[in-house]
Amino acid sequence: WMHFAQDLRPACNAVSIDLGIHRIPAGANRLPDDDPVFEQLEWAKQNDLKVIGGPLVSLQAGKSPTFANSTTDFDQLCRLVFTRVGNVVQQCQGRVRLWDASSSLNISEQYQLDDQQAFRLASGIIGTIRSIDKSPIVFCINLPAAEYMKEANNSIDPFRFARSLIQVHDRDIAGIGLDLNLHYWPH
């Protein structure tokens with residue numbers, strides 16, 4: 001990664017580093033000390049680059065934490081997520097300029113959340129980050145152009161979701177990311 005990053009360095013003033021809790025090994029509560037993200041954080045510091053850390057939580061295929069599945073009790077899921085998010089934030093505190101709290105919690109292929117559960121999970125993630133670090137926080141929503149309507153079983157209105165989070169965390173949220181998957185199947 002470093003050779004590729006070094007070639008792009010002159011064009012960048014920030015770098016996004018995947019600090020997602022899916023990187024935490026099964027049975028652990030924190031990133032291992034030898035995880036490549038720590039080398040990436042150090043490289044960013046040496047090159048005077050701002051770091052965007054995250055998304056910390058995604059329930060999408062390939063990014064979902066090892067403990068999250070459709071049989072996991074929701075309250076247990078929240079406890080496990082909040083503990084791991086808090087540990088990652090503590091491990092990386094002072095090295096991250098902007099936290100990307102979550103990605104696409106408004107749709108979940110593996111763990112079907114209703115509106116209230118998605119809001120509680122996202123709100124808890126934001127609250128956990130804020131309780132440890134005062135750096136700005138963003139979160140991302142998926143399917144912002146009404147694609148969610150065809151997924152009525154496991155998707156919620158992304159703008160209602162975002163609006164609700166902003167109402168509760170207006171002083172904590174610095175921005176909203178939109179995941180636009182143009183010409184991307186199946187959405």
Side-chain angles (χ1 to χ4, degrees), residues 16-32 35-38 40-41 51-93 95-144 148 151 154-156 158 160-166 168-169 172-179 181:
S16 180
I17 298 178
D18 180 5
L19 298 176
I21 64 171
H22 69 279
R23 302 181 67 87
I24 297 174
N29 281 326
R30 52 187 287 128
L31 293 169
D35 193 293
V37 299
F38 296 112
Q40 294 168 355
L41 288 166
V51 173
I52 303 162
L56 292 173
V57 180
S58 176
L59 297 180
Q60 300 303 310
K63 295 282 186 173
S64 184
T66 55
F67 58 82
N69 60 57
S70 59
T71 62
T72 307
D73 173 70
F74 179 72
D75 290 329
Q76 180 185 8
L77 174 74
C78 287
R79 281 191 303 277
L80 293 169
V81 165
F82 302 156
T83 297
R84 285 162 176 78
V85 165
N87 289 340
V88 169
V89 171
Q90 286 175 343
Q91 284 181 279
C92 301
Q93 187 175 12
R95 297 186 271 185
V96 173
R97 178 68 71 91
L98 176 69
W99 290 103
D100 184 352
S102 61
S103 175
S104 305
L105 291 184
N106 61 303
I107 66 160
S108 174
E109 297 160 0
Q110 293 182 339
Y111 200 90
Q112 297 187 7
L113 303 175
D114 62 33
D115 292 16
Q116 182 183 12
Q117 290 173 324
F119 174 79
R120 282 181 50 205
L121 182 59
S123 184
I125 293 165
I126 293 166
T128 300
I129 296 167
R130 180 55 67 229
S131 71
I132 299 166
D133 193 344
K134 301 303 179 204
S135 297
I137 301 170
V138 297
F139 67 94
C140 293
I141 57 174
N142 202 347
L143 307 179
Y148 71 92
E151 306 284 336
N154 63 348
S155 297
I156 62 176
R160 188 171 136 220
F161 177 68
R163 195 171 29 254
S164 297
L165 282 173
I166 291 167
V168 172
H169 295 282
D172 299 326
I173 296 173
I176 302 168
L178 302 178
D179 289 341
N181 300 309

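Index from 1, following the sequence.
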*Asks:* Tell me which one of Val81, Asp73, Leu80 satisfies side chain to side chain contact (heavy atoms under 4.5 Å, CB included) with Leu77.
*Replies:* Val81
*Asks:* To the nearest 0.5 Å, what is the distance between CZ (Arg95) and CG (Asp133)?
*Replies:* 11.5 Å
*Asks:* Which value, rounded to the nearest 0.5 Å, describes the distance between Ile173 atom CD1 and Leu165 atom CG?
*Replies:* 5.0 Å
*Asks:* Which value, rounded to the nearest 0.5 Å, describes the distance between Phe38 atom CZ and Leu19 atom CG?
*Replies:* 8.0 Å
*Asks:* Over all heavy atoms of both residues, which pair between Pro55 and Asp18 is shortest? Give the atoms and the distance, please.
*Replies:* O-OD1, 4.2 Å
*Asks:* For Leu121 and Cys78, which heavy atoms make the closest approach, and how far apart are they?
*Replies:* CD1-SG, 4.1 Å
*Asks:* Tell me whether Gln91 contacts the main-chain N or O of Leu31 through its side chain, where contact means a donor paired with an acceptor under 3.5 Å.
*Replies:* yes
*Asks:* Please find the pair of heavy atoms, one from Ile126 and one from Ala101, that lie closest to each other, and give the distance.
*Replies:* CG1-CB, 4.2 Å
*Asks:* Could I get the full list of side chain to side chain donor-acceptor pair (under 3.5 Å) partners for Asp75, not counting sequence neighbours?
*Replies:* Arg120
*Asks:* Can you find a heavy atom in the side chain of Ile125 that is under 4.5 Å from one in the side chain of Phe82?
*Replies:* yes
*Asks:* How close do Ser123 and Val168 get, heavy atom to heavy atom, and via which atoms?
*Replies:* OG-CG1, 4.2 Å
*Asks:* Side-chain contact test, heavy atoms from C-beta onward, threshold under 4.5 Å: evaluate it for Ser135 versus Leu98 and give yes or no.
*Replies:* no
*Asks:* Output all residues satisfying side chain to side chain donor-acceptor pair (under 3.5 Å) with Ser164, sequence neighbours left out; order by chain, then residue number.
*Replies:* none
*Asks:* Of the non-hydrogen atoms in Phe139 and Asp100, which two are nearest, and what is the gap between them?
*Replies:* CA-OD1, 4.1 Å
*Asks:* Rounded to the nearest 0.5 Å, how far apart are CG of Asp114 and CZ of Phe74?
*Replies:* 7.5 Å
*Asks:* Using modelled atom types only, decide if a donor and an acceptor are shared between the side chain of Gln40 and the backbone of Ile17 within a distance under 3.5 Å.
*Replies:* no
*Asks:* Return the set of residues passing side chain to side chain contact (heavy atoms under 4.5 Å, CB included) with Thr83 (not counting sequence neighbours), or none when no residue passes.
*Replies:* Asn29, Asn87
*Asks:* Might you confirm whether atom CD of Gln116 has over 12 heavy atoms from other residues, nucleotides or ligands at distances under 6.0 Å?
*Replies:* no
*Asks:* Decide yes or no for Thr128 and Val89: does some side-chain heavy atom of the first lie under 4.5 Å from some side-chain heavy atom of the second?
*Replies:* no
*Asks:* Quick one: list whatever passes side chain to side chain donor-acceptor pair (under 3.5 Å) with Arg23, sequence neighbours left out.
*Replies:* Asp35
*Asks:* Just to verify, what does Asp172 make a side chain to side chain donor-acceptor pair (under 3.5 Å) with, not counting sequence neighbours?
*Replies:* Arg130, His169
